[in-house]
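Written out below as structure tokens is the structure these notes cover.
In this text the structure is predicted, and so the values were computed from the model without any measurement. Lettering of chains follows the sequences in order, A, B, ..., and the numbering in each one begins at 1.
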2 protein chains.
Amino acid sequence: MILVKQSVLRLFQYRDFLIRSKKLGKESIFSDDFAENLGTTSIQVRKDFSIFGLSGNKRAGYKVDELLKQLNDVLKKDEKQKVIIVGAGNIGKALMKYDGFREGGLEIVALFDNDSKAQNEKAKPPVLALEQLYGFINENKIELGVIAVPYHSAQQVLDIMILAGIKGVMNFAPIALKAPKNFYINDMNLKIELESIAYFVKSLKKKRT
Amino acid sequence: MILVKQSVLRLFQYRDFLIRSKKLGKESIFSDDFAENLGTTSIQVRKDFSIFGLSGNKRAGYKVDELLKQLNDVLKKDEKQKVIIVGAGNIGKALMKYDGFREGGLEIVALFDNDSKAQNEKAKPPVLALEQLYGFINENKIELGVIAVPYHSAQQVLDIMILAGIKGVMNFAPIALKAPKNFYINDMNLKIELESIAYFVKSLKKKRT
DNA sequence: GAATTATTGTGAAACGATTCACTTAAATAA
DNA sequence: TTATTTAAGTGAATCGTTTCACAATAATTC
Ligand SMILES: NC(=O)c1ccc[n+]([C@@H]2O[C@H](COP(=O)([O-])OP(=O)(O)OC[C@H]3O[C@@H](n4cnc5c(N)ncnc54)[C@H](O)[C@@H]3O)[C@@H](O)[C@H]2O)c1
Ligand SMILES: NC(=O)c1ccc[n+]([C@@H]2O[C@H](COP(=O)([O-])OP(=O)(O)OC[C@H]3O[C@@H](n4cnc5c(N)ncnc54)[C@H](O)[C@@H]3O)[C@@H](O)[C@H]2O)c1
């Protein structure tokens, strides 16, 4: 199966759109609706579905309930995913307070910080000491993590996470982390994304002078 | 010039690494060092440089100062970029408090929020009312913005920004925004990125059973 | 009930990005 | 001084993704 990475990201977006449409009472949706909603083309949408064996109805689009069920299956949205966040600073806390994750089946079950002032066992979710990281992951069989610590601590934190059983992380530290091959890392370099917008904006200006 | 988008992102990362290396007293760097630091290959690094006409010294790598100057030139890092953030909630405030942007020449000059409780004209940077958005952009000739409002407000906020003269935004709202062709939008869909990590982790597991 | 229309479905072509395979040249060794 | 080594530089091949072109078919119209 080719074309996977980008298609999977879009499938998750199609799913979100389906959920919103269902809430509005829609019963069927066309590939054009998906395209319009997420800024792509209907060809792209159908191709994505085609790759994963998802099919609709000629001239009648896709039945919302049916496609949602198929999509949940393909995207393995069977059970809740527990997530931990290491680093309870700006980013860590912002993610913690966001409740949109729940809809995607993601539950932030704990944060970890080495600064005792940031810790709070009673909070929901609790903010625990770094020393508890290994044990918590291990006991609760956590597989997903977020790294939101300064860049000079990121690798050492990741090493603990890997050892304890985490299988993939979203990383906000601006550094390339080292991990085994079967470990999945998604780097979110916000600073560079913003800098590049500045660059492309300047480029666009040049072109139209 | 082909291969641009991804290469530009990497060039910004090379630049960050150069700056850090310079601080450590390094005077020259090899393509292998760049590759190692940001998790790619030396071939990729040299190709990126080659595309933008950046050159080093056979068998002696790249002179830090020289390359940095060339890179600043290519990446148009000539002057400070002023940035505004709309939505002073979790994400908006997290970005506001981050001081790593300054190093990249990005300065957050104001936030905007329609909730009067969030507003504070005296803060640094100030959190202003939504009504001030148009005037502020216009008077201060701002070109870059961040959208950190709930998804149902994102398009209306963007429309004001475009009208007032913004040329590109980083968007955290999980929705595809409509904008003119010469406008640059960078979508950061954190929820979907995290969901996709869960998916790929599950896929990896299957493969090695 | 035949013709037309609207929409899905998909192999093949095109495009964009990465990697390969090789050339070049400076530094070091012999 | 010549040979060897090491790293940069790059056109061409490959790979992954998107787009095209057209087939299939269900719904609608005539
Ligand atoms: N905030 C942003 O907008 C932003 C933007 C771009 C990049 N980033 C990156 O994201 C990461 C987090 O940024 P932030 O603004 O949230 O930083 P922050 O300083 O607000 O938070 C970092 C937290 O990590 C904790 N910490 C430090 N070392 C630790 C360790 N070894 N184990 C556990 N906890 C530890 C600190 O006590 C602190 O609470 C950084 O790497 C930063 O470069 C942040
Ligand atoms: N926080 C996260 O971790 C996270 C994760 C994924 C996506 N997002 C997305 O990022 C966006 C911001 O998330 P957040 O958690 O910071 O939300 P938030 O609710 O904490 O903040 C949103 C802020 O925008 C303000 N606002 C609302 N309508 C406005 C308008 N029309 N003009 C100006 N300000 C307005 C609100 O008063 C609030 O202060 C949302 O679209 C959310 O879906 C956030």
Side-chain angles (χ1 to χ4, degrees), chain A residues 1-14 17-18 21 26-64 66-68 70-71 74 176 181 184 186-187 192 196 199-200 203, chain B residues 1-14 17-18 21 26-64 66-68 70-71 74 176 187 192 196 200 203:
Chain A
M1 207 189 294
I2 34 155
L3 229 139
V4 166
K5 185 113 198 291
Q6 305 301 307
S7 288
V8 166
L9 283 173
R10 282 190 300 269
L11 289 185
F12 279 105
Q13 294 184 262
Y14 302 147
F17 178 58
L18 270 178
S21 303
K26 280 257 175 75
E27 293 188 352
S28 67
I29 300 192
F30 300 112
S31 57
D32 253 340
D33 300 331
F34 287 105
E36 156 101 37
N37 177 263
L38 64 103
T40 181
T41 65
S42 59
I43 297 171
Q44 176 83 268
V45 173
R46 293 197 300 276
K47 189 59 156 185
D48 287 336
F49 289 165
S50 155
I51 288 160
F52 288 89
L54 305 174
S55 60
N57 312 285
K58 291 256 161 68
R59 234 200 126 147
Y62 302 82
K63 290 240 177 292
V64 171
E66 200 178 303
L67 183 58
L68 199 47
Q70 288 181 288
L71 260 179
V74 164
K181 257 222 169 149
Y184 191 85
N186 199 345
D187 290 308
I192 275 170
S196 75
Y199 172 86
F200 289 118
S203 304
Chain B
M1 207 190 294
I2 32 155
L3 230 140
V4 166
K5 184 111 202 288
Q6 305 301 307
S7 289
V8 167
L9 283 173
R10 282 190 299 270
L11 289 185
F12 279 106
Q13 293 184 263
Y14 301 147
F17 179 58
L18 269 177
S21 303
K26 280 255 175 76
E27 293 187 352
S28 68
I29 301 195
F30 300 110
S31 57
D32 254 339
D33 300 331
F34 286 105
E36 156 101 37
N37 178 264
L38 65 103
T40 182
T41 65
S42 58
I43 296 170
Q44 175 83 268
V45 174
R46 293 197 300 275
K47 189 60 153 185
D48 287 336
F49 288 165
S50 156
I51 289 162
F52 288 89
L54 305 174
S55 61
N57 312 284
K58 291 255 162 69
R59 230 197 128 145
Y62 303 82
K63 292 239 176 291
V64 171
E66 200 178 304
L67 182 57
L68 199 47
Q70 289 181 288
L71 260 179
V74 165
D187 290 308
I192 275 170
S196 75
F200 289 118
S203 304

Taking atom [atom2] of [N] as reference, at what distance in whole Å does atom [atom1] of [X] sit?
X	N	atom1	atom2	answer
A:L54	C:dT7	CG	C1'	17 Å
B:D48	D:dG9	CG	C1'	13 Å
B:L9	C:dG16	CG	P	17 Å
A:N57	C:dT7	CG	P	13 Å
A:F52	C:dT8	CZ	P	19 Å
A:F49	D:dT18	CZ	P	14 Å
B:Q44	D:dA13	CD	P	20 Å
B:K58	D:dA8	NZ	P	10 Å

Checklist entry - Is the backbone of A:R46 close enough, under 3.5 Å, to the side chain of A:S50 for a donor and an acceptor to pair up by distance? => result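 Flag not set: sc A:S50 to bb A:R46 has no pair under 3.5 Å.
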Checklist entry - Hey, is the side chain of B:R59 pairing donor to acceptor with the base of C:dT28 inside 3.5 Å? => result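 Check fails, no donor-acceptor contact within cut-off.
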Looking at [options], which one has an atom nearest to any side-chain atom of [X]?
X	options	answer
A:T41	C:dT19, D:dT19, D:dA24	D:dT19
A:I43	D:dA8, D:dT10, D:dT19	D:dT19
B:R46	C:dC20, D:dG9, D:dA12	D:dG9
A:K47	C:dT18, D:dT25, C:dA12	C:dA12
A:K5	C:dG9, D:dT17, D:dA8	D:dT17
B:Q6	C:dA17, C:dA26, D:dT18	C:dA17

Checklist entry - Does A:Y62 have any ring-ring contact (aromatic ring centres under 6.0 Å, His included) partners at least two apart in sequence or in another chain, and if so, which? => result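 Once residues adjacent in sequence are excluded, the partners of A:Y62 under the ring-ring contact (aromatic ring centres under 6.0 Å, His included) criterion are A:F49.
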Next on the checklist: Under the rule for side chain to side chain donor-acceptor pair (under 3.5 Å), what residues qualify as partners of A:N37, not counting sequence neighbours?
Outcome noted: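 Per chain and number, A:N37 pairs via side chain to side chain donor-acceptor pair (under 3.5 Å) with no residue.
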Checklist entry - Among A:L68, A:L67, A:V45, which one satisfies side chain to side chain contact (heavy atoms under 4.5 Å, CB included) with A:Y14? => result A:V45
What contact category does [X] fall into here, base, sugar-phosphate, or nothing, at under 4.0 angstrom with non-hydrogen atoms?
X	answer
A:Y62	sugar-phosphate
A:S55	sugar-phosphate
A:D32	nothing

Checklist entry - Looking only at side-chain N and O atoms, does B:S31 come under 4.0 Å of OP1 or OP2 in D:dA7? => result no
Checklist entry - Going by heavy atoms in the side chains, are A:D33 and A:F17 under 4.5 Å from each other? => result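 A:D33 reaches A:F17 side chain to side chain.
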